[in-house]
Structure formats: C-alpha cells, structure tokens
Amino acid sequence: MKPLAIAAVLASLAVTSASAADLRLGIVGTDTSHVIGFATAFNDSSSPDHVPGARIVAAFRGGSPDIPASRDRIDGFTRQLQEKYGVEIVGTIAELCRRVDGVLLTSNDGRVHLAQAREIIAAHKPMFIDKPLASTLEDAREIARLAKEAGVSWFSTSTLRYAVATLRTPGLTGVEVWGPGPLEEHHHLDLSWYAIHEAEMLFTLLGTGCEEVTRVESADTSVVACRWKDGRIGTMRALRPYADYGAVVFRKTEKNHASEMHAIASSPSELDRALVKFFVSRTPPVPNEETLELIAFLDAAQRSKAAGGQPMRLR
C-alpha cells in the first residue's frame with residue numbers, strides 16, 4: 001500500500017466518521033491556518049472545539065507564490081488536512097464543487113477571491129468567504145453582483161465579530177477598537193489584510209451608516225476615525241507589528257458619558273456554529289450589505305491615506 005493511502009486509512013481511523021446527515025464542505029485555498037481550525041471543528045469529534053453537523057471532505061490547494069505567508073505554509077497545511085483529517089485534495093474548483101454541499105473560500109490572498117468565487121457561484125454552491133472578502137471594493141461588489149444574479153447565498157466575517165457581539169447594547173454612542181495591523185504589499189486595501197478584524201469589531205458594534213472616514217498614519221500605527229450618519233463616532237487603531245485586541249465602548253447616561261474598556265479574544269467556535277446554520281438555511285448571519293459597507297469603509301480609509309489624511313466619504 002502506498003504511503004499516501006496508508007495515511008488516508010489512519011486518518012479515517014483517527015477521526016470519527018461523519019454521520020450520513022452531515023453537510024459535506026469543501027475548502028478552496030489551503031494556505032492559511034484557518035483551514036486547520038475548521039478541520040478540527042468539523043472533522044475531529046474528539047476535539048473540545050468540535051461542532052457537529054458538517055464535515056470537510058475535499059480541498060483545492062490554490063496558493064499565491066508571491067506572498068510568503070501563503071507560499072511557505074501551504075504544503076504543511078495541505079499535508080495536515082490529508083493525513084490528520086482525511087480530506088481529499090482535488091485538482092480543480094469545479095471538481096471540488098461536484099463533491100460538496102457548500103464551500104469555505106479560505107485563500108489567504110484577497111486578490112484571487114473574485115476568480116475563485118466566480119467558479120463556486122457558477123456551480124451554485126453557497127459559500128463562506130474568509131477575510132478579506134476581496135482586495136478591492138470593485139471586486140467585492142462584483143462577487144455580490146454575481147452571487148445575487150445566480151441566487152447563491154454567501155457571507156464573509158471575522159471571528160472577532162462574535163467576540164464583541166454582547167457589547168452591542170442600547171445607548172451606545174461611540175466605540176474605539178484596536179488590534180494587530182500588519183500590512184501586505186500586494187493588497188490595494190492594505191488594512192484588509194489583517195486590520196479587517198478591527199473593522200469587523202467596529203461594524204458589529206455600530207452597524208451600518210458609516211459616512212465619512214479620516215485616516216492618520218505613523219510607522220507602526222494606522223488610526224481610522226469614522227462619523228456615522230446619526231452622529232456616532234467610531235475609531236479603529238491598527239498596531240504594527242502585532243497587538244492584543246481591545247475595545248472601549250461609550251454610552252450616554254442621564255448625567256454624563258460612561259466608558260467601558262474590554263479585552264477581546266477571538267471566538268472561532270461561534271463562527272463554526274454559525275457556518276453550519278448558514279449552510280443549512282442559506283441565510284447569511286451577517287447581511288451582505290453590511291459586509292460591502294465595511295469594504296467601502298476600508299476603501300475610503302485607503303483614499304484618505306493617499307490624500308495625506310483628508311476626510312473621504314464612502315463610495
């Protein structure tokens with residue numbers, strides 16, 4: 001028996017077999033640690049993070065040779081998916097779509113998301129698009145247009161959305177969030193590479209209605225302030241090279257403004273459970289319109305940076 005076949009047998013023994021009712025999920029893009037998190041949640045019933053109801057059965061490698069975070073890690077992640085979690089690696093997205101009920105588009109590189117999403121949409125498979133939705137606002141809007149035209153359900157979000165959801169209560173007048181903000185030279189919307197997590201926190205807490213954005217830069221910090229249409233103000237601070245996540249929420253009381261500071265930790269299990277519900281119901285847990293406004297916010301922040309910190313309205 002060949003080594004790869006032996007590995008597959010061992011994987012099937014190590015990971016409890018899926019029930020017949022489990023959703024069959026496929027991965028597009030194995031160049032991120034997120035794929036191991038998803039495989040642990042869905043394929044390993046012995047894991048304390050196991051979420052029943054779905055199983056990853058196939059994956060398409062993808063990969064971006066000009067991004068070290070993709071090029072240098074894709075082989076290791078792909079091997080783990082095969083050997084530890086029993087995931088079959090297929091040669092094309094079309095072949096993957098024939099084997100699955102839904103798709104996790106996890107490619108590390110936002111530049112390839114439109115082309116990959118186009119194939120998934122053509123196969124009429126519901127999809128989750130991992131961050132960033134796309135590397136430009138135009139690509140993001142095109143993904144949304146194609147999916148709407150084909151009647152394909154999709155959503156995109158960060159695990160940080162679920163980590164701050166309980167802080168969104170009545171009377172919120174403003175928010176300041178912060179977290180890591182490393183940049184990647186190939187992404188036109190540079191904050192979409194990592195600081196999109198902070199943007200997700202901001203929009204989870206304040207919702208849609210962002211109107212005007214101003215971005216200020218230093219060597220190790222990007223600060224983006226935004227005025228909402230109802231007068232609330234949100235601020236996002238992206239720190240380089242890395243930082244913990246946190247948030248300050250402001251509420252108006254009868255006598256003054258009260259503030260609360262919170263340390264924030266990622267909450268992947270909440271997203272995993274939301275994914276199972278989404279692939280069953282085809283109802284996005286995060287409205288597509290909110291996700292598109294978030295990308296428009298990042299686009300306005302990019303234009304503000306290019307203009308030396310001048311305020312920019314969302315397009």
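What you are looking at is a predicted structure, and each value in this text was computed from that prediction instead of being measured. In this chain, numbering begins with 1 at the start of the sequence shown.
- Here the closest heavy-atom approach between residue Pro182 and residue Pro180 is recorded as CD-C, 3.5 Å.
- Side-chain contact check for Ser222 versus Leu191: some heavy-atom pair is nearer than 4.5 Å.
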Working for side chain to side chain donor-acceptor pair (under 3.5 Å), residues Ser64 and Asp66: CA-CA 6 Å; Ser64 299; Asp66 59 349; 4.7 Å; no
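- Using a 4.5 Å cut-off between side-chain heavy atoms of Ile, Leu, Val, Met, Phe, Trp and Tyr, with links allowed through other members, Leu81 and Ile74 fall into different hydrophobic clusters.
- Side-chain contact check for Leu160 versus Ser266: some heavy-atom pair is nearer than 4.5 Å.
- Atom CG of Leu167 is separated from atom CD of Glu260 by 7.5 Å, given to the nearest 0.5 angstrom.
- Residues Ile67 and Glu185 have side chains not in contact (no heavy-atom distance under 4.5 Å, counting atoms from C-beta outward).
- The aromatic rings of His197 and Tyr245 lie perpendicular to each other, with more than 60° between the two planes, well past the 30° mark.
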Pair Asp109-His186, side chain to side chain contact (heavy atoms under 4.5 Å, CB included): steps then yes or no: CA-CA 9 Å; Asp109 184 354; His186 298 95; 5.7 Å; no
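- Residues Ile196 and Ser158 form no side-chain contact, since every pair of their non-hydrogen atoms from C-beta on lies 4.5 Å or further apart.
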Asp49 vs Asp272, side chain to side chain contact (heavy atoms under 4.5 Å, CB included): CA-CA, chis, key distance, verdict: CA-CA 9 Å; Asp49 298 320; Asp272 297 334; 5.8 Å; no
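- His188 contributes no side-chain N or O that, together with a main-chain N or O of Ser135, makes up a donor-acceptor pair within less than 3.5 Å.
- In the hydrophobic cluster analysis, where Ile, Leu, Val, Met, Phe, Trp and Tyr join through side-chain heavy atoms closer than 4.5 angstrom, Val112 is grouped apart from Ile129.
- Checking side-chain atoms of Ser304 against main-chain N and O of Gln310 turns up a donor-acceptor pair under 3.5 Å.
- Between Ser107 atom OG and Phe60 atom CZ the span is 7.5 Å, to the nearest 0.5 Å.
- A salt bridge is defined here as a Lys NZ or Arg NE, NH1 or NH2 lying under 4.0 Å from an Asp or Glu carboxylate O, and Glu270 with Arg161 fails to meet this definition.
- In summary, Asp220 and Arg240 do not engage in a salt bridge, as defined by a charged side-chain N under 4.0 Å from a carboxylate O.
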Stepwise salt bridge (charged side-chain N to carboxylate O under 4.0 Å, His left out) check, Arg145 with Glu142: CA-CA 5 Å; Arg145 185 192 70 79; Glu142 181 64 3; 2.8 Å; yes
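- Ion pairing between a basic and an acidic side chain is recognised when a charged N comes within 4.0 Å of a carboxylate O; Arg79 and Asp75 show no such pairing.
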Pair Glu88-Arg99, salt bridge (charged side-chain N to carboxylate O under 4.0 Å, His left out): steps then yes or no: CA-CA 10 Å; Glu88 182 180 3; Arg99 298 167 184 251; 2.8 Å; yes
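- Annotation for Ala140 and Ile295: closest pair CB-CG2, 4.0 Å, computed over non-hydrogen atoms.
- Met201 and Leu271 are assigned to two separate hydrophobic clusters, defined by single-linkage of ILVMFWY side chains at heavy-atom distances under 4.5 Å.
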Worked check of side chain to side chain contact (heavy atoms under 4.5 Å, CB included) between Thr221 and Val216: CA-CA 8 Å; Thr221 306; Val216 180; over 6 Å; no
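- Cluster membership for Leu146 and Ile120, using ILVMFWY side-chain heavy atoms within less than 4.5 angstrom, is shared.
- With rounding to the nearest 0.5 angstrom, the CD atom of Glu290 is 7.5 Å from the CD atom of Glu200.
- In this structure, CG on Leu275 lies 6.0 Å from CG on Leu104, to the nearest 0.5 angstrom.
- Nearest heavy-atom pair across Val175 and Phe250 is N-CD1, 4.1 Å.
- Each of Val103, Ile121, Ile93 was compared with Gln116 under the side chain to side chain contact (heavy atoms under 4.5 Å, CB included) criterion, and only Ile93 meets it.
- Within the 4.5 Å cutoff, the side chain of Ile143 has heavy atoms near those of the Leu114 side chain.
- When side chains are defined from C-beta on, Phe42 does not count as touching Asp22, because their heavy atoms never get closer than 4.5 Å.
- Note that CZ of Arg232 and OG1 of Thr173 are 9.0 Å apart. Values are rounded to the nearest 0.5 Å.
- Of the possible polar contacts, one joining the Lys131 side chain to the Trp193 backbone as a donor-acceptor pair under 3.5 Å is found.
- Applying the 6.0 Å contact sphere to CZ of Arg111 captures more than 12 heavy atoms from other residues, nucleotides or ligands.
- The side chain to side chain contact (heavy atoms under 4.5 Å, CB included) with Phe297 is formed by just one residue from the set Glu211, Met236, Met312, Gln302; it is Met236.
- To the nearest 0.5 Å, the span separating CG on Leu183 from CG on Leu189 amounts to 12.0 Å.
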Side-chain polar contacts of residues 27-37 - donor-acceptor pairs under 3.5 angstrom, sequence neighbours left out - could you list them?
unit_1: Thr30; atom_1: OG1; unit_2: Thr78; atom_2: OG1; d: 2.7
unit_1: Asp31; atom_1: OD1; unit_2: Asn108; atom_2: N; d: 3.1
unit_1: Asp31; atom_1: OD2; unit_2: Ser70; atom_2: OG; d: 2.7
unit_1: Thr32; atom_1: OG1; unit_2: His34; atom_2: N; d: 3.1
unit_1: His34; atom_1: ND1; unit_2: Asp130; atom_2: OD2; d: 2.6

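- With a 4.5 Å cut-off on side-chain heavy atoms, Ser45 and His50 count as touching.
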Criterion side chain to side chain contact (heavy atoms under 4.5 Å, CB included) on Val100 and Leu25, from CA distance to verdict: CA-CA 5 Å; Val100 302; Leu25 300 182; 5.8 Å; no
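- Counting only distance, with no hydrogens or angles, the side chain of Arg141 and the backbone of Leu137 share no donor-acceptor pair below 3.5 Å.
- In this structure, a donor-acceptor pair under 3.5 Å is present between the side chains of Asn256 and Thr253.
- Considering all non-hydrogen atoms of both residues, Leu314 and Cys210 come closest at CD2-O, 3.6 Å.
- Shortest non-hydrogen contact noted between Ser156 and Thr291 is O-OG1, 3.4 Å.
- Tracing side-chain contacts under 4.5 Å through hydrophobic residues (I, L, V, M, F, W, Y), one reaches Leu172 starting from Ile264; they form part of the same cluster.
- Between Arg98 and Glu95, none of the side-chain N atoms (NZ, or NE/NH1/NH2) sits under 4.0 Å from a carboxylate O, so this pair counts as no salt bridge.
- By the 4.5 Å heavy-atom criterion applied to side chains, Leu202 and Glu198 are not counted as neighbours.
- Remark: the backbone N or O of Ser192 is not paired with any side-chain donor or acceptor of His187 at under 3.5 angstrom.
- The ring-ring contact (aromatic ring centres under 6.0 Å, His included) with Phe128 is formed by just one residue from the set Phe279, Phe155, Phe278; it is Phe155.
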